[in-house]
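Reviewing the structure listed below.
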Amino acid sequence: MSTNQSILPLIRHRALLQQEYEAEKAEYKEQSERMGLPARIRRGLCWYPIHSGRSYYNSLNQLVVEIENGAYDEDDDTCLFEYGKPVCFFRVGEDGKSHYLSHRCTVSRVEDTRRMVVVLPGSQALIDVQNSEGLGIQLYFDETSYRTMFHALDDAINAKNNRLAELRDIFAGVRKPEKYVFQPLTFPWLNPTQEQAVNEVLLAKDVSIVHGPPGTGKTTTLVEAIYETLHRETQVLVCAQSNMAVDWISEKLVDHGVNVLRIGNPSRVNDKMLSFTYERRFESHPDYPTLWSIRQAMRQIREQKKKGDSTHEKLSRLRDRATDLEMRITSSLFNEARVVACTLVGSANKVLVGHKFSTLFIDEAAQALEAASWIALRRANRIVLAGDHHQLPPTIKCFEAERQGLAETLMERIVKNVPECVTLLKVQYRMNDAIMRFSSDWFYQGQVTSAPSVKQRGILDYDIPMEWIDTADYEQKTENQETKDFLEKTESSENPESSESSEAPEYSDDSVSSDFREEVLGNSHSKINKAEAHLTLTVLKNYLQKIGKEHFISEHMDVGVISPYKAQTQYLRSLIKHDAVLRPLRRRISVDSIDGFQGQERDIILISLVRSNDRGDIGFLSDLRRMNVAITRARMKLIIIGNAQTLDRHKFYRQLHQYVMSLHQLDIE
């Protein structure tokens, strides 16, 4: 009975993952068949046109080719390509349609939205790429990740009388987690809850969770826990859902003097982390020149196609020598490393076959599908999870699978079943106390407090840290005439080049609606509110004018403009690009979705909520975890722009609106 209690959730999760797999596969097919090339480019799904550069064999003996984006735009940072993603090449025929090459390739490295390096399956693929005109490259459906997750779930479901089965039972609350017994250590440079969290990690025999609300120093605490664990263990495995998160924690460990071996190339390559990748270390090993010479000799023999048994025997001898050298180099790299770092899916990499770790650390664990966590769990005896299940959940494509619980992560399940293993970090170092307070009260039972150093931080004297600009007020003013005149004037003066047609052709109307009503954008189903976008930038310019341009620049201030809807962020970017006031400052102004701002912070944050209708329909704004991320990105000033009449029908937004208004009332008093 107890075993069934721990297995049934995994069986259910597998069934929901199958639904997600089918939904994503169908979506990819639809995108490939129905979505036009310009739309795929705007969404970051493909590059076109592209130019192929030099080709070579990398240190892992993979044939790679360098690709340059022929339509590179320095103002466009939308890019979904990253290390390990499957891709395919296509050419655009005279009929204007995309014709796909049969070769399935993999991204090896992405430098920015301008260049990438792609692994090819063989020399014929290189010939086809180099000889094709009108070539583009597109993301391909990722079968491999799903196969890996299904296999990991099957291993967990079928585990018997081993460590994996024990952990499965502990996570389900069937078996009690155990702890070591020793005197807690002191860390004067940490606050009391951070110190407690590190000690709980060291004490745990099975599982420990570091629950880090926004700005509470989760990464600092996790790095300290890893560092202290390495005083007791030879080597640990550190994972996260995304390459960016792995790179971030790896950099912090390197700063602590820890020898990190990064499996898989960082998604945003920099010299610091590139030197710690398995590939770069492999080619820097003293034995690598010998291995390279052997591989080159093997390729020459194959190309010359000499006949006779001696050729076959010579190739066999060279292959054996190359394999022996590869194993020797890999063994040397792993023996030297104290931390092996990779994504959760990357932990299935063939170079990790046969490796077991005493402890697995998973950062941003609340963003990872449970199935992905089990991939890495198969290699560990105990697990430490760090994250916040009140912030961004995993990205799910299938609404029905999400509704039935696919988004519930392993971290959430353990928090629910084994609450005694959770340590909440309670002091935040990012936000003015007024900005932090609502999030603390709503999501963390008021347990999070502000450090004295940030409690009263602000930009202007006598400034209110939070504002809500209610677009409903603008709709009601003089039957919109004043607002309409202003918006039409703004549109004509700020966008003389008609960016709607040249930069973002999906925005087809010639004038800006002044009723602040949401619109559905074409077949994408994304929402946009053009009047609200213009108002958002006007509010930003007015606030920057209060600060003063010179003061803004001299103090190295930065701004984040957030919207839950991609269509709105694209529109905001196009407006900034053609705005005489904001364009010179755009390097200090980031515009992105809520997901894009996870883990980031800015001095000033503006949030355009978009939704404005008579039904009170707010769509996925009802996912409050995302809004928790949005309202906790600002250090000193948070401005929310939205229709209170629409949003106030939801308890969360009604109370948030009332909270912001109460700050204004206190200021008046």
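Going from atom OG1 of T632 over to atom CE of M627 covers 9.5 Å, rounded to the nearest 0.5 Å.
Annotation: salt bridge (Lys or Arg N to Asp or Glu O under 4.0 Å) contacts of R413 (sequence neighbours excluded): E370. Residues meeting the salt bridge (Lys or Arg N to Asp or Glu O under 4.0 Å) test with K85, sequence neighbours left out: none. In terms of the side-chain hydrogen bond (donor to acceptor under 3.5 Å, both in side chains) criterion, residue partners of S439 (sequence neighbours excluded) are, by chain and number, N628. Residues satisfying the side-chain hydrogen bond (donor to acceptor under 3.5 Å, both in side chains) test with N58, not counting sequence neighbours, are Q62, E279. In terms of the side-chain hydrogen bond (donor to acceptor under 3.5 Å, both in side chains) criterion, residue partners of Q194 (sequence neighbours excluded) are, by chain and number, N191. Applying the salt bridge (Lys or Arg N to Asp or Glu O under 4.0 Å) criterion to R626, with sequence neighbours excluded, gives D595, D623. For E200, the side-chain hydrogen bond (donor to acceptor under 3.5 Å, both in side chains) partners are K179, not counting sequence neighbours. For Y28, the ring pair (Phe, Tyr, Trp, His ring centres under 6.0 Å) partners at least two apart in sequence or on another chain are Y140. Annotation: salt bridge (Lys or Arg N to Asp or Glu O under 4.0 Å) contacts of R104 (sequence neighbours excluded): none.
Here W374 and F171 bring their ring centres to under 6.0 angstrom of each other. Aromatic ring centres of F620 and F399 lie farther apart than the 6.0 Å criterion allows. Ring centers of F81 and W47: under 6.0 Å apart, within the cut-off.
A donor-acceptor pair under 3.5 Å is formed between the side chain of H285 and the backbone N or O of D287.
For the 3.5 Å distance criterion, the side chains of R602 and S590 qualify, holding a donor opposite an acceptor. In this structure, a donor-acceptor pair under 3.5 Å is present between the side chains of R40 and Q138. T330 and Y278 form a side-chain donor-acceptor contact under 3.5 Å, judged by distance and modelled atom types alone. A donor and an acceptor atom, one from each side chain of S250 and D247, are nowhere located under 3.5 Å apart. Residues Q18 and Y146 have side chains that never bring a donor and an acceptor to within less than 3.5 angstrom of each other. No side-chain donor-acceptor contact under 3.5 Å links N243 and T343. Counting only N and O atoms by type, the side chains of S275 and R280 include no donor and acceptor under 3.5 Å apart.
Under the salt bridge (charged side-chain N to carboxylate O under 4.0 Å, His left out) criterion, the residue pairs touching residues 52-66 are R54-E66, with sequence neighbours excluded. Sorted by first then second residue, the ring pair (Phe, Tyr, Trp, His ring centres under 6.0 Å) pairs that include residues 344-365, not counting sequence neighbours, are F334-H355. Sorted by first then second residue, the ring pair (Phe, Tyr, Trp, His ring centres under 6.0 Å) pairs that include residues 228-255, not counting sequence neighbours, are Y227-H231.
Within the 4.5 Å cutoff, side-chain heavy atoms of I362 are placed close to those of S373.
Heavy atoms from other residues, nucleotides or ligands lying under 6.0 Å from NE2 of H151 number 12 at most.
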Checking side chain to side chain donor-acceptor pair (under 3.5 Å) for the pair D142/S145: CA distance, chi angles, key distance, verdict?
CA-CA 6 Å; D142 190 359; S145 294; 2.6 Å; yes
